[in-house]
2 protein chains.
Amino acid sequence: MGRPALTRDEVLETAAGLVKQHGPDALTMRKLAAELGTAVTSIYWHVGNRESLLDALVERTVADLGVIRPTGRTPAQRIVSVARALRRQLRDHPHLVAMVHERGLTERMFLPAQRALVHEVHATGLRGARAAEVVRAVQFQVVGFVLVERNRERAPVQQPAEEQLWDSETAEDDPGLARALAAPVDQERLFVTSVRALVEALLAR
Amino acid sequence: MGRPALTRDEVLETAAGLVKQHGPDALTMRKLAAELGTAVTSIYWHVGNRESLLDALVERTVADLGVIRPTGRTPAQRIVSVARALRRQLRDHPHLVAMVHERGLTERMFLPAQRALVHEVHATGLRGARAAEVVRAVQFQVVGFVLVERNRERAPVQQPAEEQLWDSETAEDDPGLARALAAPVDQERLFVTSVRALVEALLAR
DNA sequence: TGGCACCTGTAACACAGTTACAGCAGACTC
DNA sequence: GAGTCTGCTGTAACTGTGTTACAGGTGCCA
């Protein structure tokens with residue numbers, strides 16, 4: 001044999017490379033085979049099919065995500081810090097979000113953070129169904145926010161552009177609002193504001 | 001000519017039918033041509049290509065969405081009602097969400113509701129950048145929530161199942177929480193709770 | 001030496017989007 | 001009426017996708 005035998009890990013490695021460079025759509029079995037200098041059938045032998053390959057890739061990337069360490073003094077601050085850390089993780093692996101969303105596995109990605117959230121919510125004294133509700137609310141909020149962010153960044157040029165939509169008339173004579181809605185969103189700021197508001201209101205009930 | 005000439009509207013109509021029945025992936029140019037009893041090239045003549053076809057479909061469906069009429073006494077209640085109405089609209093057109101997300105046009109879909117939100121936020125006396133922030137926060141919250149919902153409903157069987165994840169140990173001796181997190185989510189309830197909390201906290205600042 | 005499990009390559013299948021090109025029907029012009 | 005031109009349709013192909021039947025090759029073990 002000229003080249004040392006192909007391994008499943010080698011396949012996953014270069015597949016991850018392709019996805020990281022050009023996104024999940026760019027990962028075709030033929031391109032992957034070419035990259036590895038082998039034939040498609042070898043890849044099928046090692047990973048089954050494309051579905052399994054993407055599954056394995058997701059699993060691999062999720063496992064690589066670091067543990068989330070909450071910071072802050074008050075429980076609310078610590079919960080917000082978990083949310084921020086999770087968002088950061090997801091933003092650092094943009095293609096992971098795409099793969100995982102496409103495959104309906106978004107929740108799977110969230111499990112480690114869910115544990116951290118449970119811990120922090122318990123620290124506020126909340127327990128049982130009420131605590132679970134807070135955890136779920138934050139979970140949905142963060143995941144949803146990241147999905148919307150990814151979507152916006154992928155979006156083509158809006159037509160009509162946002163600026164034109166918010167002229168003085170449609171903005172009900174509020175030029176400040178028109179300006180704010182026409183400007184690009186400060187997503188980090190909006191995220192923190194939203195999560196903080198949600199958490200504070202839920203804990204104060 | 002045997003059959004009366006094909007029209008662009010007729011193409012969009014049956015395309016919408018196919019999407020409504022089996023989702024956007026089931027809409028292939030050949031299937032559409034077969035359904036119309038014509039050849040693929042005619043479809044290309046009328047709509048350009050698949051991208052334009054989906055664009056037109058999105059435009060059409062968005063235009064069909066009804067106007068949102070807020071209800072409730074307090075501004076907060078009315079904002080929540082807008083959010084609920086929007087979520088209802090999106091849930092009534094599940095494939096629209098998929099198409100629109102896939103094409104990065106989620107925001108486009110939200111514009112009518114954004115107008116309604118601006119109006120209600122103004123009614124609270126808030127103006128300018130602060131008002132814009134509330135509008136955007138609610139917007140992100142609703143769209144994100146719907147995306148997460150769609151994702152969960154599409155999700156395959158989780159492994160390991162959620163029930164097993166939340167045994168007494170991992171739930172930190174909180175059987176009530178374990179039970180709540182193992183149970184299926186009451187999405188409507190969670191949605192209303194979350195939006196209400198977010199809105200109340202943002203308006204109270 | 002034979003046999004066997006593991007791995008690779010050739011060549012195909014069905015299906016996707018897309019298009020070059022020929023042709024048909026009807027209106028319009030001279 | 002003949003010619004032409006526009007609008008529309010059909011045939012048949014091209015490329016690229018995931019997938020697989022099948023024939024081998026390679027190295028280890030008995």
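Reminder, nothing fancy here: chain letters follow the sequence lines and each chain counts from 1.
Atom CG in B:Leu6 sits about 16 Å away from atom C1' in C:dA25, given to the nearest Å. Atoms CD (B:Glu10) and P (D:dC8) sit 13 Å apart, rounded to a whole Å. Straight-line distance from the CD1 atom of B:Ile43 to the P atom of C:dG17: 10 Å, rounded to whole Å.
For the pair A:Ser42 and C:dG9, the criterion of a side-chain N or O lying under 4.0 Å from OP1 or OP2 is met. Put simply, B:Thr41 has no side-chain N or O that comes within less than 4.0 Å of OP1 or OP2 on D:dC8.
Not counting sequence neighbours, the partners of B:His101 by the ring-ring contact (aromatic ring centres under 6.0 Å, His included) test are A:His101. Under the rule for a salt bridge (Lys or Arg N to Asp or Glu O under 4.0 Å), the partners of A:Arg60 that lie at least two apart in sequence or sit in another chain are A:Glu13. With sequence neighbours left out, the side chain to side chain contact (heavy atoms under 4.5 Å, CB included) criterion links A:Ala76 to A:Thr74, A:Val199, A:Leu203. The side chain to side chain contact (heavy atoms under 4.5 Å, CB included) search around B:Arg189 returns A:Glu133, B:Asp186, B:Thr193, not counting sequence neighbours. For A:His46, there are no ring-ring contact (aromatic ring centres under 6.0 Å, His included) partners, not counting sequence neighbours. Not counting sequence neighbours, A:Arg150 has no partner by the salt bridge (Lys or Arg N to Asp or Glu O under 4.0 Å) test. The side chain to side chain contact (heavy atoms under 4.5 Å, CB included) search around A:Pro75 returns A:Thr124, not counting sequence neighbours. Evaluation of the ring-ring contact (aromatic ring centres under 6.0 Å, His included) rule for A:Phe140 yields B:Phe145 as partners, not counting sequence neighbours.
Between the side chains of A:Asp64 and A:Thr61, no donor-acceptor pair is found at a separation under 3.5 Å.
Residues from residues 19-33 of chain B lying near DNA chain D, meaning a heavy-atom separation below 4.0 Å, are B:Arg30 in numerical order. Of the residues in residues 45-54 of chain A, those lying under 4.0 Å from DNA chain D by heavy-atom distance are A:Asn49, A:Arg50.
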Taking only distance into account, with no hydrogens and no angle test, what donor-acceptor pairs under 3.5 Å do side-chain atoms of residues 15-34 of chain B form with protein atoms, sequence neighbours excluded?
residue: B:Thr28; atom: OG1; partner: B:Lys31; partner atom: N; Å: 3.0

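Across the helix from C:dT1-D:dA30 to C:dC30-D:dG1, the helix axis at one end is tilted relative to the axis at the other end by 30° (nearest 10 degrees, each axis from five pairs).
Nearest nucleotide to the A:Tyr44 side chain, out of C:dA20, D:dT20, C:dG9: D:dT20.
The main-chain N or O of B:Ala131 is never found under 3.5 Å from a side-chain atom of B:Arg136 such that the two would form a donor-acceptor pair.
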